[in-house]
Every structure is written in structure tokens, then in C-alpha cells.
Q: 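Sending over a structure as C-alpha cells; questions will come in a sec.
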Amino acid sequence: VLLTLLYMYPPCATYFLPRSTTSKKEDKKGIVSLTNGELLDITKVPDEVFSTKMMGDGFAIKSNDGVIVSPVDGKIGVVFETKHAIIIESTEGKEILIHLGIDTVNLKGEGFEVFVNVGDEVKAGDRLVKMDVEFIEANAKSSISPVIFTNLESNESIKVIEGPVSVGEANRVEIVQ
């Protein structure tokens with residue numbers, strides 16, 4: 001999955017962590033909202049790579065204020081050079097791609113301020129990135145940001161309760177079997 005991502009978004013990641021082989025179930029209280037704004041079903045992302053779940057199942061966020069926090073406890077596995085995406089490995093072994101906006105790789109880092117580095121331990125709610133929503137909406141295809149679980153088991157999927165959401169809000173996203 002990461003190779004597909006890197007092929008599709010050539011500015012590549014700076015580092016990688018090995019993928020965990022743990023198969024513990026992510027506690028639904030362990031996944032929190034990444035931002036103030038709106039939670040959306042993954043099928044509403046204006047990019048077929050994400051909306052058709054080619055990268056994996058997930059959900060999307062549309063931020064009102066651009067503050068993006070970690071949805072889970074875990075470790076930063078990848079910070080893309082272009083600052084448009086971060087991958088977190090949760091303490092339960094789930095790999096989560098946070099892709100900030102659509103076609104934002106072309107912004108070459110402009111409009112993003114990243115507060116974490118590869119290898120950093122994070123808790124759910126820790127600040128990851130500040131994205132300039134107005135700049136991104138003016139210069140990229142969309143500010144809607146997919147959040148993809150790239151290594152779900154074949155019997156797992158993401159359930160999201162769509163609508164307005166506050167940063168750190170729990171019980172809106174869960175992994176179901």
C-alpha cells in the first residue's frame with residue numbers, strides 16, 4: 001500500500017517504520033476527531049483513489065480552523081517532505097494515513113506547518129499539523145482530507161457518524177468487523 005502511495009505521490013516520504021503485525025482491535029474510544037469541522041464518509045472525497053477505497057477504508061475531514069491532531073495514540077511513521085501527509089502507526093498496530101487535502105502534493109509544503117517528526121510518540125489529540133485552509137482551497141483541488149486505515153483486516157471496515165464535529169471528539173469513528 002505504501003509503495004502505491006509513493007508511486008502516486010512521487011515527492012515521497014522521508015522515512016519509514018516497519019509495519020506492525022499486531023491484529024488487536026482498535027477501541028472505538030481510541031479514535032478521536034482530528035479537527036473542528038465536519039466528518040465525512042470516505043466516498044465523499046473528490047479523488048477516486050480515496051473515495052473508491054483503493055488505499056484502504058477510512059473517513060474524511062473538512063477542517064474549519066486547519067488544526068489537525070492525532071486520531072490515536074501511536075508513533076509517527078512517515079512525514080512527507082511536502083508536508084501534505086503523515087502516517088501514524090497506532091499502539092494497536094493500525095497504520096493510518098492522514099492526507100491533507102486533495103492534490104496538495106503540488107503545493108510543495110506551502111500552506112502546512114508540521115509539529116511532529118518521524119519516530120515521535122503521540123497521544124490522541126496531540127497537535128500534528130496546522131494547514132492554511134484558505135490557501136489550500138484557493139490553490140489545490142480540495143481541502144477535504146482523507147484519513148485512511150491502510151492495513152485493516154479483510155473483515156474490518158470503518159464506520160463513521162457524519163456531521164459537524166469538535167476536535168478530540170470520541171465515538172464518531174470506529175473499526176467494525
Side-chain angles (χ1 to χ4, degrees), residues 1-24 26 30-35 42 45 47-63 66-133 135-136 140-153 156 158 167-168 173 175:
V1 171
L2 282 177
L3 291 177
T4 303
L5 175 68
L6 295 174
Y7 174 74
M8 297 180 70
Y9 299 99
C12 301
T14 53
Y15 298 97
F16 297 93
L17 287 177
R19 180 176 282 179
S20 172
T21 57
T22 348
S23 61
K24 295 179 189 173
E26 194 90 36
I31 303 171
V32 302
S33 172
L34 289 75
T35 194
I42 193 67
V45 174
D47 184 321
E48 287 186 4
V49 169
F50 300 111
S51 65
T52 62
K53 304 180 184 182
M54 288 173 62
M55 299 289 300
D57 201 359
F59 61 98
I61 55 172
K62 183 159 179 61
S63 182
V67 175
I68 308 299
V69 303
S70 179
V72 294
D73 294 348
K75 189 172 189 174
I76 303 299
V78 179
V79 176
F80 282 68
E81 290 179 23
T82 52
K83 304 178 187 176
H84 77 288
I86 292 177
I87 297 175
I88 301 172
E89 184 173 332
S90 76
T91 54
E92 285 77 20
K94 297 300 181 194
E95 190 175 86
I96 303 162
L97 166 67
I98 303 167
H99 192 282
L100 301 168
I102 301 300
D103 292 345
T104 50
V105 67
N106 300 325
L107 300 177
K108 299 181 169 114
E110 194 172 351
F112 301 102
E113 182 180 2
V114 178
F115 303 108
V116 292
N117 296 299
V118 171
D120 287 355
E121 299 281 339
V122 293
K123 296 286 183 193
D126 285 355
R127 186 171 64 159
L128 301 176
V129 180
K130 171 74 172 147
M131 57 189 280
D132 184 337
V133 177
F135 176 82
I136 291 165
K141 184 174 181 178
S142 174
S143 66
I144 292 175
S145 300
V147 180
I148 307 298
F149 291 74
T150 62
N151 66 342
L152 291 176
E153 299 296 326
E156 294 177 318
I158 298 299
V167 68
V173 176
I175 297 172

Q: What is the minimum heavy-atom distance between His84 and Thr104, and which atoms define it?
A: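 In terms of heavy atoms, the two residues are closest at CB-OG1, 3.4 Å.
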Q: What residues form a side chain to side chain donor-acceptor pair (under 3.5 Å) with Lys83, not counting sequence neighbours?
A: none
Q: Distance-only, no hydrogens or angles: does the Asp103 side chain make a donor-acceptor pair with backbone N or O of Asp47 under 3.5 Å?
A: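 A pair under 3.5 Å: no.
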Q: Nearest 0.5 Å, please: how far is CD1 in Ile102 from CD1 in Ile144?
A: 7.5 Å
Q: With no hydrogens and no angle check, is any side-chain donor or acceptor of Ser142 less than 3.5 Å from a backbone partner on Ala140?
A: no
Q: Less than 4.5 Å apart, side chain to side chain, heavy atoms only: is that true for Pro71 and Ile88?
A: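 Yes, close enough: below the 4.5 Å cut-off.
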Q: Quick check for you: to the nearest 0.5 Å, what is the distance between Glu156 atom CD and Ile175 atom CD1?
A: 5.5 Å
Q: In the structure I gave you, are the side-chain heavy atoms of Val147 and Ile158 within less than 4.5 Å of one another anywhere?
A: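 Of all side-chain heavy-atom pairs linking Ile158 with Val147, none is under 4.5 Å.
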Q: Say you draw a straight line from CE of Met131 to CD1 of Ile98; how long is it, rounded to the nearest 0.5 Å?
A: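 Answer for the CE-CD1 pair, Met131 versus Ile98, is 11.5 Å.
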Q: Shortest non-hydrogen contact from Arg127 to Val69?
A: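 Closest pair (atom of Arg127, atom of Val69, distance): CA-CG1, 4.0 Å.
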Q: I need the minimum non-hydrogen distance between Gly101 and Ser145, along with the two atoms involved.
A: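 It is N-OG, 2.9 Å.
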Q: Testing Phe50, Phe80, Phe59 for ring-ring contact (aromatic ring centres under 6.0 Å, His included) with His99, which one passes?
A: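 Exactly one candidate clears the test, Phe50.
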Q: Test: salt bridge (Lys or Arg N to Asp or Glu O under 4.0 Å). Region: residues 48-60. Which pairs qualify, not counting sequence neighbours?
A: Lys53-Asp57
Q: What I'd like to find out is whether the side chain of Leu34 reaches to under 4.5 Å of the side chain of Leu128, using heavy atoms alone.
A: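 Of all side-chain heavy-atom pairs linking Leu128 with Leu34, none is under 4.5 Å.
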Q: Where is the tightest heavy-atom contact between Ile148 and Met55, given as atom of each residue plus distance?
A: CG2-O, 3.4 Å
Q: I need the Ile86 CD1 to Ser70 OG distance, nearest 0.5 Å.
A: 9.0 Å
Q: I'd like to know if the side chain of Asp73 reaches the main chain of Thr91, judged simply by a donor and an acceptor atom lying under 3.5 Å from each other, with no hydrogens or angles considered.
A: no
Q: List for me each residue that meets side chain to side chain donor-acceptor pair (under 3.5 Å) alongside Ser63, sequence neighbours excluded, and say none if there are none.
A: Thr35, Asp65
Q: Among all residues two or more places apart in sequence or in another chain, which pass the side-chain contact (heavy atoms from CB on, under 4.5 Å) test with Ser33?
A: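 Counting only residues at least two positions away or on another chain, Ser33 forms a side-chain contact (heavy atoms from CB on, under 4.5 Å) with Val165, Glu169.
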Q: Taking C-beta and beyond as the side chain, do Leu97 and Pro146 meet within less than 4.5 Å on heavy atoms?
A: no
Q: Could you list the donor-acceptor pairs under 3.5 angstrom formed between side-chain atoms of residues 110-126 and any protein atom two or more places apart in sequence or on another chain?
A:
{"unit_1": "Asp120", "atom_1": "OD2", "unit_2": "Asn117", "atom_2": "N", "d": "2.8"}
{"unit_1": "Asp126", "atom_1": "OD2", "unit_2": "Lys123", "atom_2": "N", "d": "2.8"}

